[in-house]
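Structure record follows, encoded as structure tokens.
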Amino acid sequence: MNRLIKIDFRKYFYNRTFWILSALYVALVVLVFMGAEAFINKVVSNVGKNSPVTIPNFSLYGFPYVWHNLAFLAGFFKIFLAFIVIIFITNEFSYKTIRQNVMSGMSRVEFLFSKVIFVFFIALAVTLILFLSALLLGFFYTEHINAAMIFSKMFFVPAYFLEVFTFLLMAMMFAFLLQKQGLAIGIFALYYYVAEPIIAYKLPAGVARFLPIKMITHLIDIPNSSLMKLFGVNFRETVSWLDVWSCLAYSVLFVVIVYLFLKKKDL
Amino acid sequence: MQKEILEIRNLSKSYGRLKALDSLSLKVEKGSIFGILGPNGSGKTTTLGILLDIIKPDRGEHFWFGKKPDAALRKRIGALLEQPLFYPYLTAVQNLKIIADIRGAGYNEIDEVLEMVRLSERKLYKYSSVSLGMKQRLAIAAAMLGSPEVLILDEPTNGLDPKGIADIRNLILSVAQRGFTIILASHLLDEVEKVCTHVLVLEKGKKRYAGPVSEALGDTIRLEVAAENPEKLQMVLKQIPQVKSVTK
């Protein structure tokens, strides 16, 4: 495994595009984290100017809700990470370096495993960014902190990891199956933004919720707020085990599909 | 000691209705420079692709070093297939480090193979910035990393100028002197004649001849014939004065 990490690390470490895209992602996410509360409150106060009821301000950063709030927000940017994964996996086909890797003695399974590791480390890195951002903002914006407050909803962090990991494995599957960069990005985006919502709309709700994107995004539900409570809306503030197991099952499925594809495929 | 380094049995591969390889069987002896000769589309690259697990055959099997092939066995084979395949944004050394890691070779070998292909001075150049000839030489250097026992070279002189072609041919001969078994695919008879000891002639995926180059180019012709009663056929053939030898 160390050997595979070392090999793939070399492929990305010296790649300028990888660092530029990663830096863009980090800058974007951190900026959104820092500006989200002010932005939402400004929008709400504008919208509620003429409201007979006083709409309370949102507080995104207080412990323990900061974990849920930021994990939910970060979820919107995982498509950007999916594009990074697709770019770098399809590069192996466009440069034909997958051939060179296999010819040189890497098995097809090892090649696939190296990409799963790549996806794992990206998911881990962005989870770390979420964790540190939430921790720092939480400490900065919470009064009277105690340990229970900090840890009580921290389970949203591993849930976010699973959300990103499963999602990126799905992107990896699209990259392997389609191999052409533009095509893979286009089809993946089309599925994410158009195809699955349409399929979900056509299917009964009980079935639609098990569609992959639905399942993955359902891991972390919309955070509750005082405004929503005002309207009697109450979202789930936990992570359901059904969602966790379903995401894990999807993760395995995506890897198995790629394995079966690679096993028979001429490179 | 294993005499045959490679044995192919009834290998076939089709692309749709096109039969790229048709029941190919052959053996390659250790220490030989084995040429695969044939026009474009004759099945040379398909054969090599199957031997390197890049292409999956429809039928047939092959054995490297007497064993069923796997990734570990492929580390004992160095290969250049069709064109050099490297990461364009990495330098020659960085690309070779990836290959060394895959093959389990030491980084200390990198300078040695770069020296062998005379690329030491360009080792820190990005792959995308060097000439085609240098790319070919880098691919040969990569193939030689980890001291493989067999070197597979598919059209290694493709796209090179006359000096580049001469350089690569000399390189192949010098590598062969180090004890490598070399399998060289080419569409150039001249190349095979100058470099190889044995040759397989392919045409539309079918074997037309396999044997020593001297026999292929001399008066001697090797023919493969089949009969329901091979013993009787052997007896009849031996009585023909023009037949030099008969083997079963």
Side-chain angles (χ1 to χ4, degrees), chain A residues 1-23 84 87-115 117-118 175-177 179 181 258-267, chain B residues 13-15 20 45-46 48-58 64 69-91 93-105 107 126-128 138-139 142-146 148 151-154:
Chain A
M1 188 165 137
N2 283 346
R3 185 175 66 96
L4 295 179
I5 293 172
K6 202 169 150 191
I7 291 167
D8 255 44
F9 174 79
R10 203 180 294 283
K11 292 177 189 173
Y12 310 118
F13 186 79
Y14 296 104
N15 189 299
R16 199 185 300 162
T17 312
F18 177 75
W19 288 113
I20 291 171
L21 291 175
S22 303
I84 295 180
I87 288 169
F88 282 89
I89 292 177
T90 51
N91 271 351
E92 298 273 12
F93 288 96
S94 52
Y95 300 152
K96 294 186 176 176
T97 39
I98 182 172
R99 277 182 164 205
Q100 184 70 52
N101 284 202
V102 171
M103 264 162 40
S104 301
M106 188 184 266
S107 72
R108 291 166 186 239
V109 174
E110 279 180 317
F111 188 84
L112 166 60
F113 192 47
S114 74
K115 298 307 164 202
I117 294 172
F118 169 54
F176 270 105
L177 299 187
Q179 295 172 22
Q181 200 164 93
V258 178
Y259 166 74
L260 293 174
F261 175 76
L262 271 186
K263 199 177 152 193
K264 298 276 174 201
K265 172 98 180 112
D266 291 343
L267 300 175
Chain B
K13 174 76 182 177
S14 295
Y15 298 104
T45 302
T46 302
L48 298 184
I50 292 170
L51 298 179
L52 293 166
D53 192 33
I54 298 302
I55 296 170
K56 295 288 181 188
D58 300 332
W64 280 110
D70 59 19
L73 279 181
R74 275 202 310 283
K75 288 178 186 165
R76 294 165 67 182
I77 304 159
L80 156 63
L81 198 65
E82 277 186 309
Q83 65 204 41
L85 311 165
F86 294 105
Y87 299 92
Y89 52 88
L90 295 182
T91 64
V93 171
Q94 286 161 351
N95 269 303
L96 290 183
K97 279 185 176 174
I98 289 178
I99 306 295
D101 285 335
I102 293 173
R103 302 180 79 90
Y107 293 158
K126 278 196 178 155
Y127 176 72
S128 57
L138 179 63
M144 287 194 296
L145 264 180
L151 209 54
I152 292 181
L153 304 170
D154 182 18

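Naming convention: chains lettered A, B, ... in sequence-line order (proteins, then strands); numbering from 1 in each chain.
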Looking only at non-hydrogen atoms, find the nearest pair between [X] and [Y] and report the distance.
X	Y	value
B:Phe86	A:Tyr95	O-CB, 4.2 Å
A:Met103	B:Arg103	O-NH1, 4.5 Å
B:Ile99	A:Ser104	CD1-OG, 3.6 Å

*With side-chain contact (heavy atoms from CB on, under 4.5 Å) as the test, would you mind laying out the steps for A:Glu110 and B:Ile102 before giving the verdict?*
CA-CA 10 Å; A:Glu110 279 180 317; B:Ile102 293 173; over 6 Å; no

*Test item: B:Tyr89 side-chain N/O and A:Lys11 main-chain N/O as donor-acceptor pair under 3.5 Å*: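 A pair under 3.5 Å: yes.
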
*Write out, in numerical order, the residues from residues 13-20 of chain A with a heavy atom short of 4.5 Å from a heavy atom in chain B.*
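Near chain B, by residue number: A:Tyr14, A:Asn15, A:Arg16.
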
At what distance, to the nearest 0.5 angstrom, does [atom1] of [X] lie from [atom2] of [Y]?
X	Y	atom1	atom2	value
B:Asp101	A:Arg10	CG	CZ	5.5 Å
A:Arg99	B:Ile54	CZ	CD1	6.0 Å
B:Leu85	A:Ile98	CG	CD1	11.5 Å
A:Leu267	B:Lys56	CG	NZ	8.0 Å

*Evaluate the criterion side-chain contact (heavy atoms from CB on, under 4.5 Å) for residue pair B:Lys13 and A:Asp266; output intermediate values, then yes/no.*
CA-CA 11 Å; B:Lys13 174 76 182 177; A:Asp266 291 343; 2.9 Å; yes

Counting only non-hydrogen atoms closer than 4.5 Å, does [X] touch chain A with its backbone (N, CA, C, O), its side chain (CB onward), both, or neither?
X	answer
B:Ile55	both
B:Ile77	backbone
B:Tyr15	side chain

*Just wondering, more than 12 heavy atoms not from B:Lys75 lying within 6.0 Å of its NZ?*
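Atom NZ in B:Lys75 is packed in, count exceeds 12.
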
*Is it the backbone or the side chain of A:Asn91 that comes under 4.5 Å from a heavy atom of chain B, or both, or neither?*
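It is neither, since no heavy atom gets under 4.5 Å.
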
*When only pairs under 4.5 Å are counted, which of A:Arg108, A:Lys6, A:Met106 shares the most heavy-atom pairs with chain B?*
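Between A:Arg108, A:Lys6, A:Met106, the count favours A:Arg108.
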
